[in-house]
Amino acid sequence: MAGDRRIISENPQPSGRGVLQLRMEFRAVDQSLVVKLWGDLDLQTADGVRRALEGALEQSKAKDLYLDLSHVTFIDSSGLGMLLGRYKRVMRAGGVMGLINPLPVVRPILELSGLLKLMPVYETEPSILKETEAR
Amino acid sequence: MSENRISLELSSHGANVGVARLTVATFAAQLPFTVAEIEEIKVVVSEAVSNAVIHGYSGEPGHLIRVEAWLADGELGIEVRDQGRGIHDLPAARQAAFSSDPERMGLGFVFMENFSDAIEVESQPGAGTRVVMRKRPQGQTNALASGRM
């Protein structure tokens, strides 16, 4: 895909691959970091995701962050807090944070928390890349 | 349907938050909850157990959290108890955006209240916290209200 650079790291968690674990894949596209997640965002995983996202943002020097939530099967307030913390960091640096394709099961909690009013939600990734290339 | 009950004793470990919500969700599926309602049940259990870990026991593993769930008269009941710090100012703690941690949104009680039909919280500083939630499948609630059952 035009604009792809490299996968920065995959599965940075030292944990295993059980049903309650979480996996991440990072991709830098122009000024954006696109991160795909698989699993649950809760007390157990939120801290590791936070550290991995902070590290990847530092390493990539990306300004914008897009989280592909199409395989995130659960989010509670620990996960929401992690999302809000990353949103604040990206916004302070003048960037944009967007969510890609959150599943129907997590939308109620994203809506109730107000996060969907803060962050744009995209159905698919290609529209993100087009917007990035247009800038 | 006949009554049923489960009781879990968990160490205050972050990994057990997921264990608790999946176990209670599986148990709750004996009632005709929708997929969305089961997700709500997973959230309320996750919030209550996370609170016990983070606030009750300051994030320290190795302390006891009790989770009980029961089915009676077509309704799910859930109790989460810890013997930790207790809540100093319960009304304040139950308000949205009250959180001592900048990475958390302080919405745990908001979700518990929104996603259950009823919630009771008992807490004393130094004597632990007890949260009881009840939830009935919405289809049954509507049927009862309209007199179909």
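Letters A, B, ... are given to chains in the order of the sequence lines, protein chains preceding strands, and every chain is numbered from 1.
For the pair Asp40(A)/Arg21(B), a side-chain contact is recorded, criterion being any heavy-atom separation below 4.5 Å from C-beta on. Looking only at side-chain heavy atoms (C-beta outward), Asp76(A) and Phe111(B) stay at 4.5 Å or farther from each other. Counting heavy atoms from C-beta outward, Ser50(B) and Asp42(A) have side chains that stay 4.5 Å or more apart. Annotation: side chain of Phe74(A) is not in contact with side chain of Leu22(B) (no heavy-atom distance under 4.5 Å).
Atom OG of Ser46(B) is separated from atom CG of Leu41(A) by 11.0 Å, given to the nearest 0.5 angstrom. A distance of 9.5 Å separates CD of Glu40(B) from CG of Leu112(A), quoted to the nearest 0.5 Å. For the atom pair Leu107(B) CG and Ile109(A) CD1, the distance stands at 8.5 Å (nearest 0.5 Å).
A continuous path of hydrophobic side-chain contacts links Leu110(A) to Leu103(A) [ILVMFWY only; heavy atoms under 4.5 Å]. One hydrophobic cluster, built from ILVMFWY side chains closer than 4.5 Å, cannot hold both Trp38(A) and Met82(A); they sit in different ones.
At a 4.5 Å heavy-atom cutoff, the contact between Val53(B) and chain A is made by side-chain atoms alone. Only the side chain of Asn114(B) comes within contact range of chain A, judged by heavy atoms closer than 4.5 Å.
Through chains of ILVMFWY side-chain contacts below 4.5 Å, Trp70(B) is grouped with Val132(B).
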Hey, mind stepping through Glu39(B) and Val105(A) against side chain to side chain contact (heavy atoms under 4.5 Å, CB included) and telling me if it holds?
CA-CA 7 Å; Glu39(B) 286 306 308; Val105(A) 290; 3.7 Å; yes
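Applying the salt bridge (charged side-chain N to carboxylate O under 4.0 Å, His left out) definition to pairs two or more places apart or across chains, those involving residues 5-20 of chain B are Arg5(B)-Glu68(B), Glu9(B)-Arg66(B).
Glu47(B) places a side-chain N or O within donor-acceptor distance of the main-chain N or O of Ser77(A), the cut-off being under 3.5 Å.
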